[in-house]
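Read the structure below first, then the notes.
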Number of protein chains: 2
Amino acid sequence: MQNKYTYSFKEGNKDMVEILGGKGANLSEMVSLGIPVPSGFVITTESCALYYKNNKSLPSNIKKQIDKELSLLEKKIKKKLGDKNDPLLVSVRSGASVSMPGMMDTILNLGLNDISVKALVKKTSNRRFVLDSYRRFIQMYANVVEGIESKNFEKILDEIKKTKELISDTEFSQDDLEVIIEKFKKVYKKYTKKTFPQSPKDQLYRAIEAVFESWNNDRAISYRKMHGIDNLLGTAVTVQEMVFGNMGEDCATGVCFSRNPSTGENEFYGEYLVNAQGEDVVAGVRTPIEIKMLKTQNPKIYKQLVEIKDKLETHYKDIQDMEFTIEKNKLYFLQTRNGKTTAKARIKIVVDLVDEGILTKQEALLKIDPNSLNQLLHKQFKQKDLEKNKPIAIGLAASPGASVGEIVFSAKDACEKKDLGRNVILVRKETSPEDIEGINSAVGILTSTGGMTSHAAVVARGMGKCCVCGCTKLNVDEEKKIIYVGEEKFFEGDVISVDGSTGKVYKGEIAVEEVQFSKDFLTIMKWSDEFRKMRVRTNADTKNDAKKALELGAEGIGLCRTEHMFFEQKRLKLIRELILADNSKERQVVIEKLLPLQTKDFLDLFDVMKGLSVNVRLLDPPLHEFLPTEDNEIKKLAKQLNVTQNKLKQKILNLSEVNPMLGHRGCRLGITYPEITKMQVRAMLKALKEKKCNLEIMVPLVGSVEEFKNQKEIILEIAREQKINNLKIGVMIEVPRAGIKADEIALEAEFFSFGTNDLTQMTLGFSRDDIGKFIQEYLDKGIYKADPFVSLDQTGVGELIKIAVDKAKKVKQNIKLGICGEHGGDPSSIEFFHNTGLDYVSCSPFRVPIARLVCAQATIKQNLQLA
Amino acid sequence: MQNKYTYSFKEGNKDMVEILGGKGANLSEMVSLGIPVPSGFVITTESCALYYKNNKSLPSNIKKQIDKELSLLEKKIKKKLGDKNDPLLVSVRSGASVSMPGMMDTILNLGLNDISVKALVKKTSNRRFVLDSYRRFIQMYANVVEGIESKNFEKILDEIKKTKELISDTEFSQDDLEVIIEKFKKVYKKYTKKTFPQSPKDQLYRAIEAVFESWNNDRAISYRKMHGIDNLLGTAVTVQEMVFGNMGEDCATGVCFSRNPSTGENEFYGEYLVNAQGEDVVAGVRTPIEIKMLKTQNPKIYKQLVEIKDKLETHYKDIQDMEFTIEKNKLYFLQTRNGKTTAKARIKIVVDLVDEGILTKQEALLKIDPNSLNQLLHKQFKQKDLEKNKPIAIGLAASPGASVGEIVFSAKDACEKKDLGRNVILVRKETSPEDIEGINSAVGILTSTGGMTSHAAVVARGMGKCCVCGCTKLNVDEEKKIIYVGEEKFFEGDVISVDGSTGKVYKGEIAVEEVQFSKDFLTIMKWSDEFRKMRVRTNADTKNDAKKALELGAEGIGLCRTEHMFFEQKRLKLIRELILADNSKERQVVIEKLLPLQTKDFLDLFDVMKGLSVNVRLLDPPLHEFLPTEDNEIKKLAKQLNVTQNKLKQKILNLSEVNPMLGHRGCRLGITYPEITKMQVRAMLKALKEKKCNLEIMVPLVGSVEEFKNQKEIILEIAREQKINNLKIGVMIEVPRAGIKADEIALEAEFFSFGTNDLTQMTLGFSRDDIGKFIQEYLDKGIYKADPFVSLDQTGVGELIKIAVDKAKKVKQNIKLGICGEHGGDPSSIEFFHNTGLDYVSCSPFRVPIARLVCAQATIKQNLQLA
């Protein structure tokens, strides 16, 4: 059989999206449902690919199939393209299998020429409408097919309007339109050296080619890149009989939703315009009327509309976003698709659809975009207030939420003002570990440099605090305490509003909506928990983090970074003394002081966790991260520690590293300074004796089983000392070698937790602090599809994780496997972890609900595949 | 059958080294060859392990077997331990399967007590000898078995010598010795609260236990750690009848070699002492006599000695190192083992042994330690001159050779003095890429910090230049131009001698021996080439490197680091302009200037290589490596480039990276600055058209096939422009992800070269610049057996290489595979590469002969295993 490149609407259905595109498939589906749709056919996406293969020209076999479809269409509706009595007009529209709104081209009213115009005038008795359609078609065709810029035509319209003192296009007289058509034809000739094509068949072929061509225009290419769409053949083309909502008062055109897309209420929602074209609804020249008005204006049509929208919603099992036209009291549907909604609405809709028996719980869960939940978990600016304000700058939406406060420029100022009961926003070039208390005191963080995984971003996300990073338009002078934004200046104490969900920064105060979990949200979470197989833990370092995470449904702590306990002022001083100690005796003195503090930290944390699992990681960061780098900070510290500034500088220099990420950190610290491991474990175990929990001790940055054995022996020594048995001791898998040697390590370890941040850094050789210099270019060129620190590099790092899981399970079937990198909160990564067979993910508290949902979705998808 | 823990010499043989230890196995072997050996038996290494398992006490079943062996021995030689008429005396010696000279304990004259002393006096009629033996035995036993410090006994001897004004121990009268024995017994009682044991059986058990105990003394443990010995059960113990070379003028003791171990000449070599014990030969109290003198002194014994040494050499197929004793005109052999020799001697010996029909060529090649060839490839200090000097400091032997020159402290001074015809040694804290010309001008390099893979070390090895690194005892003040070494100071112009083969630094000039390849050396190389399967290439960046490598047998270039072409002053200026250019137009101007220079570089290189393979790597290092870091250098450069110092500083700061090793480098440069790739490829191809070679273009730091495809497309574009076909384009595999994705990459690449330096850094998460802070502790604790940058981490990084090779060959059976990291010159790593199926190794020029030998050894070993 010959390959089939065209399908009449009757031949298609909604599952043929891949070859017919979304538009073509849904039009076909509606036809099969008996819904009135103007007749037409689809040219497949494959044809688009063949067009490019054939040196950008329609292959003759495809042309033949088009001819055949066209004559079937003409026969069916008894009109002929270009006919001198009853001419057929068609629209030629693009439509890929994934929606790319407005990116590609469309031509309407095709089939008009000097002859068909006359015929149509005769038939419609509406000369003005026909002439107006012709001039629009010439302009559209010239622009889309020949690439003649629209301004060449607009100029002509403007001139006539000026001469005749007209305000709007609708005021052109029929004579004006005749003149305009002639002038348009001249412009066409000037640019193409040809007369405007009078053969409707030629018009059609050229229009189809032009739509194919628009698949690869700059906008479309960059849209696909931005959305990671890279596996499509091309766009399909829909050729469909024109229907007109602008042929008189018995005509109309409208857009409607089967439910309210903003609140999710089950009410018919939409608007329409009498005697108008679709464009007019969008353009906003006239104010459309609420759809409910149609009930009185035209009860018959309204009833039909309601019946159809109900039918479509039940059929598609989702809120529908539809376009319709009424031509001379006859209703036509021109499009239907699943509607875009707010997160709140979506949740209400799917829960309602389950109640209505239209969706199963599983189907309902799959219909929620997990990332959209972010909107529900964080404060938001009131939409209406937001619309009144223009942002002064836009940065990276690093940690969602809405915050309003006075500008401060230092951690110290943040703490002081907070103590006075003021809301402050900490504004810095970038933050450092020394700022941790300041970050904690601020309601929001704003930095001018730094990316999605910069210090500020990571810490803020961990705290669930609103943060915008890399806001390069800001020029922050921390010393003079001024922000320059273009011509404007902002000073300490000035109020700004920061939107961590969009990256936008506003001058002054914008009203904020508080978070309230709806009943529907809780239902969705309950259902998620019913279906998911993976457990969800949280990364939490303090009792406050832990409390928040428990509220959001965390089932334990997957990563407690003990170093974060050291950043508080008093401890920072002690840890600095520890680092700068000259010998192990001096070190021991400091250790003794640190022990009770750390014991208290653990006690507080275990208390909150009430018997749940708590995974505590031993000290991880390079020690020099605790030391100041700036001269005046060094001066202060020298005084505090009673050493000369030079000596201190020398020590800091000695500790500095060329590649700290690959340096003296992780278990390398615990091996060279066993007293630190001992102190930390002793603190944990002392706390454990008072407050029970399922403690897991994790050794970081293990590359060789010998490293782990060394630390395990020290941990067991303290366990014997503290008379504690059955301690769970495991490994953070974050060095590639650990993945390769996972079998050897698994024999010794009771659990693995994949530290995907570092694992990504080392497996890819990407320093996350330094990729700023090339990552954008890498994404633009498609070398990586996504920032590998945001979404797991599944085929590279993921493959290594798979290797590790296989090796580990081969020697220890029941080894507990988790993941605690930033990827633990990323939907596509979570799905990967589910499919790889991990037992749990751990993520920052505010990602916990998202993870719960994704875990359920992953299970449901897997079951569907198995079925 | 019951487990066997003891073997009489008759039961053993040389292949039982693992259970009998080297000493026991060789004594057994000599017995089976009919060579006179004092009778005895061996307690196995397994017994040592069981001793420890049994809470450090001899298990009774082992004791029983010892008893049985002892009574068989007593029966055989018709003497009894502790007998009152004809008492047996034995030695109890340690002996592991790997020689650990002097690390463990020995007890002689065991069996002496108050009764057997009397019997022995009667039998030998030599009361003085017997008493002297007794007092020695008490001291040795007390020390080894009871841990009583020797100084407690020495004090007594010293007092008597003082009172009696004696000079040497040999002057003690028999009465003195009686007194000494009584006093010694008192010391023993004081420390142990027991009388000196009179039961010879107890003495024997305790002595055996003590030898087992010495397996785990501090010295032995650290020796094993140092030599990476970690798979042994323990030491064996040899119990052997005592024979005495000190019972009169018809007695003697000696040490001899079957050939000259220093020159390799086939001549009997050694020395002996009449009426003396083994210790006396070693202690050097009396000057021993050349072995040849024995020919006249005792022709019968001499003849027997020569016959036996010939027999042993032919039997062991190697030069023998033997110990013998003559007791009352009867010859006994106490030990034989393969002799340690100089590299020169070893080569001569094995070539001679092949000529003599004793060895096959394959056996001969296996008998050479590849690293020892270093001695033959580099200048050496004359041994005699060396012995007269004490080093002022010792650092890391980073690049072998001997150099003498005046101290200079800067690259500039080095160049200037060199131009005046002076030999200079460049002394720095550490070197940087800016010093490259200075390094080239110096005869030797000495740094106070930096490890075996520091900049100085790597560059010096590449140039075959003598280098000592990490000489921490030196305090180098580069500004004041002074080196402080303890109390001493050295100034610019002072002459020092630096030994890159030992790491030693000497004051003043030491005479140097020039390199001359012996006929034997060339024979060994010829044989190596006959057997090896892997090809050997070299890492060479300049025509001089390449020339040297060809002389040393390289078959091509495996890595030409194009960035090294940029370090010469004029180019450095250009490359800096390139880096600091504000836009691509400015960049293009510099590129145009660089093109002819790089073309010339390649032309020179290809000319030398005469059609052989040349693998050129595209620009690799982070660009900021080309920029100055110190203020006055920045000032100079700012002036040169005509920009303000501040602007330059800002630019340098912008380019600086937190983890440069994981930053903007490798193909990431070529992707973001395609003009650099284009220029480099254009230069190569222009050169290629004039001078043919088998050019391979290598893309560095590839982690994703998309990166490679990007660069390959650019390379092919230039190839089309230059009308060159069949270009070989491949990948440097040095990012772990590339190993994991090797199949995908292999489909696009014609060859892989494993860059094991970076691959080690990223797979282990070790920055080679920073591991100094913990690597020593890691080696001490046995976490890694060797520095993974010196010897490949075969089970980790090596496993990843195996995965990559398997994946690559699965999709492209004939893909060419090589390795070009520092490991390409390391013997055990080369053997691993051979076994993994690589096609070639590439190493620095001076490692080429070593690699040739190791490649042959690997092939021979593999064939032996297959057979």
Side-chain angles (χ1 to χ4, degrees), chain A residues 622-623 654-666 668-669 671-672 701 703-707 709-710 734-741 744 758-775 777-778 781-785 788 793 795-800 803, chain B residues 622 654-666 668-669 671-672 701 703-707 709-710 734-741 744 758-778 781-785 788 793 795-800 803:
Chain A
L623 296 182
N654 283 345
L655 282 166
S656 77
E657 296 182 300
V658 182
N659 296 288
M661 203 54 77
L662 308 176
H664 193 191
R665 55 176 285 240
R668 298 163 198 173
L669 290 174
I671 290 169
T672 48
L701 214 74
S704 149
V705 69
E706 296 300 331
E707 293 175 304
K709 279 157 80 176
N710 173 295
E734 48 189 337
V735 174
R737 192 181 193 276
I740 295 165
K741 306 295 285 175
E744 237 177 73
D758 268 307
L759 196 60
T760 298
Q761 294 201 89
M762 295 181 206
T763 306
L764 271 55
F766 282 3
S767 160
R768 72 177 185 193
D769 297 305
D770 300 311
I771 57 167
K773 295 201 177 67
F774 59 88
I775 191 68
E777 200 137 354
Y778 265 47
K781 288 184 172 153
I783 290 172
Y784 283 94
K785 301 269 174 283
D793 160 37
T795 61
V797 178
E799 181 66 25
L800 184 56
I803 291 172
Chain B
N654 284 344
L655 282 167
S656 78
E657 297 182 299
V658 181
N659 296 289
M661 203 55 78
L662 309 176
H664 194 190
R665 53 177 287 241
R668 298 162 198 175
L669 290 174
I671 289 170
T672 48
L701 214 71
S704 148
V705 71
E706 297 299 332
E707 294 176 303
K709 278 156 80 177
N710 174 295
E734 47 189 338
V735 174
R737 192 181 194 277
I740 294 165
K741 305 293 286 175
E744 237 176 72
D758 269 306
L759 196 59
T760 299
Q761 295 201 91
M762 296 182 206
T763 306
L764 271 57
F766 281 3
S767 160
R768 74 179 185 192
D769 296 304
D770 301 310
I771 56 168
K773 296 201 174 69
F774 58 88
I775 191 68
Q776 195 50 51
E777 201 136 354
Y778 265 48
K781 288 183 171 153
I783 289 173
Y784 283 93
K785 302 267 174 289
D793 161 36
T795 61
V797 179
E799 181 65 25
L800 184 55
I803 290 172

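Below, all heavy atoms of this structure are taken into account, side chains as well, without hydrogens, waters or symmetry copies. Chain naming here is simple, since letters A, B, ... match the order of the sequence lines and numbering starts at 1 in each.
Residues B:Y784 and B:F766 place their aromatic rings such that the two centres sit under 6.0 Å apart.
The shortest side-chain heavy-atom distance between B:D770 and A:N659 falls under the 4.5 Å cut-off.
One finds the CE atom of B:M762 at 10.5 Å from the OG atom of B:S767 (value rounded to the nearest 0.5 Å).
Looking at B:E777, only its side chain comes within 4.5 Å of chain A, counting heavy atoms on both sides. Of the two parts of B:K781, only the side chain, counted from C-beta on, holds a non-hydrogen atom closer than 4.5 Å to a non-hydrogen atom of chain A. With a 4.5 Å cut-off on non-hydrogen atoms, B:K741 touches chain A through its side chain but not through its backbone. In this structure, chain A has a heavy atom under 4.5 Å from the backbone of B:S656, while its side chain stays farther away.
In this structure, a donor-acceptor pair under 3.5 Å is absent between the side chains of A:Y778 and B:E706.
The greatest number of non-hydrogen atom pairs below 4.5 Å with chain B, out of A:H664, A:E799, A:R668, is found for A:R668. Here A:I740 is the residue among A:I803, A:I740, A:L701 with the most heavy-atom pairs under 4.5 Å with chain B. When each of A:A738, A:G772, A:P660, A:G703 is scored by its heavy-atom pairs under 4.5 Å with chain B, the top score falls to A:P660. Your options are A:T795, A:L669, A:V797, A:N654, and the one with the most heavy-atom pairs under 4.5 Å with chain B is A:T795.
Under 4.0 Å is where a charged nitrogen must lie from a carboxylate oxygen, and between B:D758 and B:R768 no such pair does. Taking the charged nitrogens against the carboxylate oxygens, A:D793 and B:R737 do have a contact shorter than 4.0 Å, which makes a salt bridge.
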